Amino acid sequence: MSIYDSLNTEQRRAVEHTEGPVLILAGAGSGKTRVITHRIAYLMDECGVNPWNILAITFTNKAAQEMRERVDKLIGFGAESIWISTFHSMCVRILRRHIQEIGYSTDFTIYDTDDQKTLMKEACRNLRINTKELKERTILAAVSSAKDELMTPRMYQEAHQYDFLQKRIGEAYEEYQRLLHKNNALDFDDLLMKTVELFTMREDVLRNYQERFRYIMVDEYQDTNTAQFELVRLLAGTKKNGGRNLCVVGDDDQSIYKFRGANIRNILDFEKVYPDAFVVKLEQNYRSTQTVLDAANAVIGNNHNRKSKALWTRKKEGSRVHLRQFNTAMEEASFIAEDIEKKKRQQPALNYRDFAVLYRTNAQARLLEERFIMGSIPYNVVGGTNFYERREIKDMLAYLKVTDNGRDDLAVRRILNVPRRGIGAATVEKVSHYAAVSGDIGFFEALEKLCDGPASGILSTSVIGKIRPFVEMIRGFRDALSDGLSLEDLLKRIIRETGYEEYLRDTEEEDADDRLANIDELISKIVTYEEEAAELGTDDISPVSGEGATALSGFLADVALVADIDDMDENQDRVLLMTLHSAKGLEFPQVYIAGLEDGLFPGYLSINSDDHDAMEEERRLMYVGITRAMDDLTLTCARSRMLRGEVQYNPVSRFVMEIPEELLDERPGAPRGRFSFGYDEDDEDDFRTDMPARRFPERGFSSRPAPAGTGTGTQSPGARAGGRDTRLKAVYVKPHTPDEKKPFIGRASAGLSSLQKGMPAAAEPDYGVGDRVRHVKFGEGTVTAMEKGPKDYKVTVLFDDAGQKIMYAAFARLEKQ
DNA sequence: CGCGAGGATATTTTT
DNA sequence: TATCCTCGCG
């Protein structure tokens, strides 16, 4: 009995095909991690491949960690010398060793989004860019996508020489890079781009790694961007130099990171780049019930750009997908909290950790949290603000950074006056200038010179008197560190000497305790790090610290690359709350997807976007969400919800409508209440606000639309404006209230959003009594009566098959035959 | 220089 | 709504 016997035929083929390019299309829950780990084992056990010749790349540290654990279990000895790491840590590790070849020094620091913003602000100031007209945010976004596409500042400028705004962005990009370089810092995207640059410029270095990584595996391949693709392509080498043992694993249906530059074509076109690729599809799902799978398949089936796949399972049918609709988001949250308790009572085998609540935006977590606290349900919110982005943590890290590397000007400036030392902007400005004219020395160095040297007249003695203690304190930290003080004690000493605790208590009474707790957390993280460092020896403590790196810089580099999800501890018995994005790659017996409303999920941006892909990406996100569920899936939505200070009224998400009715335990109803878009014959109800939470239209009157993409029944594609999904747009128009055709999403009061443009008004129908018409659902029929009702035209139709129906013109979407 | 008030502004999603 | 930024005063 070998370990490979547990694999199914397809998995086995994927495992045993070790040579040449391989594409594994792995549907959700099809055991792809198993395939990768077994493949690694197979390479070592059966093919005699050395572990150090194997590279496995993932996207998150958590995935990397999990993979390593599983490989360890499978093969034991030797697993530790396999490179299993994320793209970013891999790049850091390579750059720590070779970046001097392209003009940086190997002790570079990594800037997070916050630092990027600060730096870009400086770049704009230098270039006299008015950040009111051209926001740093915008520039940074452009720079980031340029880097994803491996575009240098020069290339950017050349590509946009005739567009004034773009040209300015190009200049800002260039200046920003200059500042990064001056600070000996790389931002996130640089890690990838600089590695590619290194490999392109130094063929010998590339050769070196090509020879080392004879077998490469890439997980979540659908999420790779151009830079990552190029990196992999370079590492994999060519047929001639004996490489190309590249195995990529992914699922185009789970590509949800386009906004971050992910290029779905990387997976769709893999066979074009590698025509001799061996392709395996894993379609057997080991996770979910048939019902859940059917729902997922139905939803994703509405997307066009995909490799066809049909998941199936041997698991039982399972219970239907639960659908619950509420009047407010508060009720929705209460329901979820109560439902979890109810299920736990009914099925004592369930633990809190078996539940997850997923949502589109982080902001939605708040209400849920409130209710969970109220019901004393243990929970954990994953994501939101990253631990390492919290102010107090960044302050502490800045002290550590300055102690470690004085060239990080940003860090120095961050803490120079934190806690307050009476050193202000004017002084910072003078010191910066002094640093610039003294041969572009670092900020801290400039501070030192101004304190140590003879009175230069640049700073007054009183200011020097404020700076000197700071400089001396930092020096003290440095000395202590080189005398062998542990990181833990260093951090404690920093807190003590700076008086940070008192500073927190003085300035913010409210959450000082929370912040102090966070600092304690940081201390324990640093302790853990040191313990691991002691165990493994400095080189292997972290995937990112190359040789030559001190323990401190190793810790700092690690920290920069940690995502919130990486810290998730599945041993805690807590309900997990997280975004759909964070949930990718996870599974739970009980899953809730909350906030299923058009305008929220799919977000209004994608509903209104001209980019057809945007909606498909949202749908993939829904697919990811559904397929997280093992046994039970509950979908919830609210008719009204408070969003950034205003109440919004949104209809049920179109994605819910795409799930076949027979899979749901309740029918999606038309939203009720004041802003209902009305559908029932007895329209009086539609304006009652005290409707019971759940009430569904009569049979046959659901507002279920046809699947997107198939058009609206007989409507020929493209017949309507833009050929896009115009059907649902009608939903936003309040029926026939002549001077009030406002969208229901976006602002409920004033402020007409762009949604309004191009919206079909509830116009007079182009048919009359006696005309033959066709309805999406009921088929053909004859109009027998028409009456101008209070809100809209009330049309009575005698359908050939479905009998007589009375409906409103704006929603019936009757087509004259 | 520090602090507070008030206004603007953002809101998908995150390695 | 919550945070962030700017501006003006003490």
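Since this is a predicted model, take the numbers as computed values, not measurements.
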Among the candidates [options], find the nucleotide nearest to the side-chain atoms of [X].
| X | options | result |
| --- | --- | --- |
| Phe259(A) | dT15(B), dT11(B), dT13(B) | dT13(B) |
| Arg644(A) | dT14(B), dT15(B), dT1(C) | dT1(C) |
| Arg360(A) | dT15(B), dT14(B), dT12(B) | dT12(B) |
| Arg366(A) | dC5(C), dA2(C), dT13(B) | dA2(C) |

So does [X] get a side-chain nitrogen or oxygen closer than 4.0 Å to the phosphate oxygens (OP1/OP2) of [N]?
| X | N | answer |
| --- | --- | --- |
| Thr113(A) | dT14(B) | no |
| Thr579(A) | dT14(B) | yes |
| Asn417(A) | dG2(B) | yes |
| Arg420(A) | dC3(B) | yes |

May I have the distance from [X] (atom [atom1]) to [N] (atom [atom2]), rounded to whole angstrom?
| X | N | atom1 | atom2 | answer |
| --- | --- | --- | --- | --- |
| Leu605(A) | dA10(B) | CG | P | 13 Å |
| Arg137(A) | dT3(C) | CZ | P | 16 Å |
| Lys117(A) | dC4(C) | NZ | P | 8 Å |
| Ile607(A) | dT12(B) | CD1 | P | 13 Å |
| Gln648(A) | dT1(C) | CD | P | 14 Å |
| Glu136(A) | dT9(B) | CD | P | 12 Å |
| Leu186(A) | dT15(B) | CG | C1' | 15 Å |
| Arg641(A) | dT1(C) | CZ | P | 16 Å |

Pick base, sugar-phosphate or nothing for [X], based on heavy-atom distances below 4.0 Å to the nucleic acid.
| X | answer |
| --- | --- |
| Lys135(A) | sugar-phosphate |
| Gly422(A) | sugar-phosphate |
| Lys584(A) | nothing |
| Asp223(A) | nothing |
| Arg620(A) | nothing |

Please check: side-chain N/O of Asp598(A) versus main-chain N/O of Arg654(A), any donor-acceptor pairing under 3.5 Å?
yes
Short side-chain to backbone donor-acceptor contact, Asn266(A) and Tyr221(A), under 3.5 Å
no
Consider side chain to side chain contact (heavy atoms under 4.5 Å, CB included). Of Leu586(A), Val357(A), Val381(A), which one does Met578(A) pass it with?
Leu586(A)
With rounding to whole Å, what would you report as the distance between dC4(C) and dT13(B) at their P atoms?
15 Å
More than 12 non-hydrogen atoms from neighbouring residues, nucleotides or ligands closer than 6.0 Å to CE on Met473(A), yes or no?
yes
Return the stacking result for dT14(B) and Tyr257(A): yes when the ring centres lie under 5.5 Å apart and the planes under 30°, no otherwise.
no
Shorter than 3.5 Å, N or O on both sides, protein versus nucleotides 6-10 of chain C: list them out with atom names.
none

Taking the basic N atoms (NZ, or NE/NH1/NH2) and the acidic carboxylate oxygens, is any pair closer than 4.0 Å for Arg306(A) and Asp253(A)?
yes
Do His581(A) and Phe259(A) make the cut of ring centroids closer than 6.0 angstrom?
yes
Rounded to the nearest 0.5 angstrom, the CD-CD1 distance for Glu220(A) and Ile256(A) is 8.5 Å
Between Val428(A) and Gln116(A), which has a closest nucleotide on DNA chain B that is more 5'?
Val428(A)
Aromatic ring pairing Tyr379(A)/Phe372(A), orientation class (parallel under 30°, perpendicular over 60°, tilted between):
perpendicular
Could a donor-acceptor pair under 3.5 angstrom be found where the side chain of His88(A) meets the base of dT15(B)?
yes
Lys525(A) to Phe387(A) six-membered ring, cation-pi geometry met (6.0 Å, 45°)
yes
